[in-house]
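Numbering of ligands and ligand atoms starts at 1, following listing order.
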Amino acid sequence: MVTTTRGANGKSAEVIESLNPTTGEILGTVPVAGGEEIAAAVARAREAARTWGQMSFADRREELVSFRRALAGRAEEVAELIHRENGKPRLDGLLETMMALSHLHHAALRAEKALRTRKVSSGLMANFRSTISYRPLGVVGVIGPWNYPLFTPMGSIAYALAAGNTVVFKPSELTPLVGQLLGEIARASISIPDVFQVVTGDGRTGAALARAEIDKLAFTGSTATGRKVMAAAAERLTPVLMELGGKDPMIVDADADIDKAAEAAVWGALTNAGQACTSIERVYVVESIHDRFVDKVVGDVRQVRWGGDEEAHIGAITMPRQVDIIREHLEDAVARGAKVLVGGADQIRGNFVPPTVLTDVTPEMRIMREETFGPVLPIARVATVDQAVEQANATRYGLGSSVFGKARARELADRIRAGMTSINSALAFAGVPSLPFGGIGDSGFGRIHGPDGLREFTYPKAITRQRFKPMLALTTFARTEKAEQQLAKMITVLHGRGTTIPKK
Ligand code: TXE
């Protein structure tokens, strides 16, 4: 919540109060940075980039190992803060910290291999030696969300730093304290100042960062805000990486292990109270196993504890506004004929939404088309698995997806139009650090994680060096008629005489 307070100098200054979504308690306040503060942070980052960008991979790795160790040393404190500020169970906060550490480790370890200068063939220009190297961009701005306040931004931060950039990070206004703590840990563990800075604020601060003199912006958030961010970045032609929402499908084929598929669907849809861009948001099950799958899902979901107590598997919805969206999606589905088997809109209490299972859902329902971002599992019955693929692809989103089955699983995975697919599991792609993470369509573009994630924060630099004179001198105004004849001959030898494939 943004409030105005009087600062020590008597000037009024806006601050954000960070609230615990479970209890409503104020956890702390942070300043709202404006354009001037952003410009100053970016200028400091630019200065730091001169040193950081010139360092060897080994030296940067050493610094990032120190950062990782410092973060690991405070893992329980970080997890506790994630728990309090985001509302997820403490164990999930710890799991998130572990995943963030894995990416920091992976990025630091693999940067040299992914980005080292490599020689490429010079083709016909054999008198040249050609190389590609990957140069850091300079200063990267990162705008983060609140659902995974550490893990998600780390997907950009770790890879941008390891590739030789410095970073200015604006955490979500709903989880600014986790961001600040990360900044504090970086300051204490990285020996070069301002390599990683944190600026707090709301959408206005984000917009100022998008317009600032940065060299790339990595944004995670909603598709609607992503469009605004991209428009702001376009003013300076700043390249952007967009990690936006999703409506991830799961397809369950007739030969799937039903128990495992149900277990994965329940975890994939309900973990983090469904507040993940790669949550399972729709399930398509072939007719022959539909009822058995639904029975198993219902049994499993009844075991999921929800609420604000220490035993809960899923906690509060972090953003109060989201509760209304979830309620609207549920009401719309029921009004159009969906059946509620567990949970339901009438059991919503404040910021807590019960795990909910729906069947008899149809493609026109909002719950099957728009991002719900809640602990909801709508299950659709399909006649054939091909129909499942068709319906899974009938969306503008394309982030993650999941397929359960045996004989055709790989084929189905290939046919789903999405950046990532897990076969016989849910969300597993996010845990494999060497796989690129990102989407297509309304889910955004660009990739974090793995070698692709490292290259995302660099520009390819092409260098070609002439080693000896060419046999045929063509790129000079002193070229001869003989050279022209030789060139004509060469074209025929290399590319033929114009024969084409006959029409069928
Ligand atoms: O996102 P926003 P919100 C989805 C989810 C949710 C919806 C809205 O469906 O219901 O997004 O969430 C900053 N210029 N996801 O409102 O607005 C903002 O301060 C620059 C999916 O939190 O996109 C915050 O730091 N920045 C998602 C960040 O953008 C601006 C994760 C995200 O805020 C800005 C979270 C502007 N004009 C929600 N306006 C995922 N992909 O994982 C806001 N921001």
Under the side-chain contact (heavy atoms from CB on, under 4.5 Å) rule, what do Leu182 and Met154 come out as? Steps first, then yes or no, please.
-> CA-CA 10 Å; Leu182 188 64; Met154 190 60 98; 4.1 Å; yes
Among all the protein's non-hydrogen atoms, which is closest to [atom], and how far away is it?
| atom | answer |
| --- | --- |
| atom 36 (C) of ligand 1 | Gly203 O, 3.5 Å |
| atom 19 (O) of ligand 1 | Glu173 OE1, 2.5 Å |
| atom 39 (N) of ligand 1 | Thr225 CG2, 3.3 Å |
| atom 7 (C) of ligand 1 | Ser222 CB, 3.6 Å |
| atom 12 (O) of ligand 1 | Met319 CE, 3.6 Å |
| atom 25 (O) of ligand 1 | Gly144 O, 2.9 Å |
| atom 3 (P) of ligand 1 | Trp146 NE1, 3.7 Å |
| atom 15 (N) of ligand 1 | Phe373 CZ, 3.8 Å |

Per-atom contacts, ligand 1 versus [X] - under 4.0 Å to a heavy atom:
| X | answer |
| --- | --- |
| Glu371 | 4 (C), 5 (C), 9 (O) |
| Asn147 | 31 (C), 42 (O) |
| Thr220 | 32 (C), 40 (C), 41 (N), 42 (O) |
| Phe219 | 23 (O), 28 (C), 29 (O) |
| Val229 | 14 (N), 20 (C), 26 (N) |
| Gly206 | 14 (N), 20 (C), 26 (N) |
| Asp202 | 19 (O) |
| Ile143 | 13 (C), 20 (C), 25 (O), 26 (N), 28 (C), 29 (O) |

Taking atom [atom1] of [X] and atom [atom2] of [Y], what is their separation to the nearest 0.5 Å?
| X | Y | atom1 | atom2 | answer |
| --- | --- | --- | --- | --- |
| Arg68 | His105 | CZ | NE2 | 5.0 Å |
| Thr362 | Met368 | OG1 | CE | 8.0 Å |
| Trp306 | His313 | CH2 | NE2 | 14.5 Å |

Just to be sure I read this right, does ligand 1 sit under 4.0 Å from the backbone of [X], its side chain, both, or neither, counting only heavy atoms?
| X | result |
| --- | --- |
| Arg321 | side chain |
| Gln322 | side chain |
| Leu244 | backbone |
| Tyr148 | neither |
| Thr152 | neither |
| Pro145 | side chain |

Test: Lys88 cationic atom under 6.0 Å from Tyr148 six-membered ring centre, within 45° of axis =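 Relative to the ring axis of Tyr148, which defines the angle, Lys88 lies inside both limits.
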Please work out which of Gly444, Cys277, Gly221 has its closest non-hydrogen atom nearest to atom 21 (C) of ligand 1.
-> Gly221
Whether His106 and Tyr159 hold their rings parallel, tilted or perpendicular, with breakpoints at 30° and 60° |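 His106 vs Tyr159 ring planes: tilted.
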Which pair of non-hydrogen atoms, one from Asp248 and one from Cys277, has the smallest distance, and what is that distance?
-> OD2-O, 3.9 Å
Of the non-hydrogen atoms in Ile448 and Ser156, which two are nearest, and what is the gap between them?
->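 Heavy-atom minimum between the residues: CG2-OG, 3.6 Å.
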Given the protein's heavy atoms, is any one of them under 4.0 Å from atom 33 (O) of ligand 1?
->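 Given the 4.0 Å limit, the answer for atom 33 (O) of ligand 1 is no, no protein heavy atom qualifies.
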Applying a strict 4.0 Å limit to heavy atoms, is Ala210 in contact with ligand 1?
->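 It does not; every heavy atom stays at 4.0 Å or beyond.
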Scan for salt bridge (Lys or Arg N to Asp or Glu O under 4.0 Å) pairs involving residues 260-271, sequence neighbours excluded, and state none if there are none.
->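 Residue pairs passing salt bridge (Lys or Arg N to Asp or Glu O under 4.0 Å), neighbours aside: Asp257-Lys260.
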Which of these, Arg369, Lys247, Arg227, sits in a salt bridge (charged side-chain N to carboxylate O under 4.0 Å, His left out) with Asp442?
-> Arg227
Tell me, with the steps shown, if Glu76 and Arg90 meet salt bridge (charged side-chain N to carboxylate O under 4.0 Å, His left out).
-> CA-CA 9 Å; Glu76 289 190 35; Arg90 194 172 284 110; over 6 Å; no
More than 12 non-hydrogen atoms from neighbouring residues, nucleotides or ligands closer than 6.0 Å to CD on Glu77, yes or no?
->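 Counting other residues, nucleotides and ligands, CD of Glu77 exceeds 12 neighbours.
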Check whether more than 12 heavy atoms from other residues, nucleotides or ligands sit under 6.0 Å from atom CD of Glu370, and answer yes or no.
-> yes
Pro149 side chain reached by Glu96 side chain, heavy atoms, under 4.5 Å = yes
Under 3.5 Å, is there a donor-acceptor pair linking the side chains of Glu281 and Ser279?
->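 Checked: Glu281/Ser279 side chains show no N/O donor-acceptor pair below 3.5 Å.
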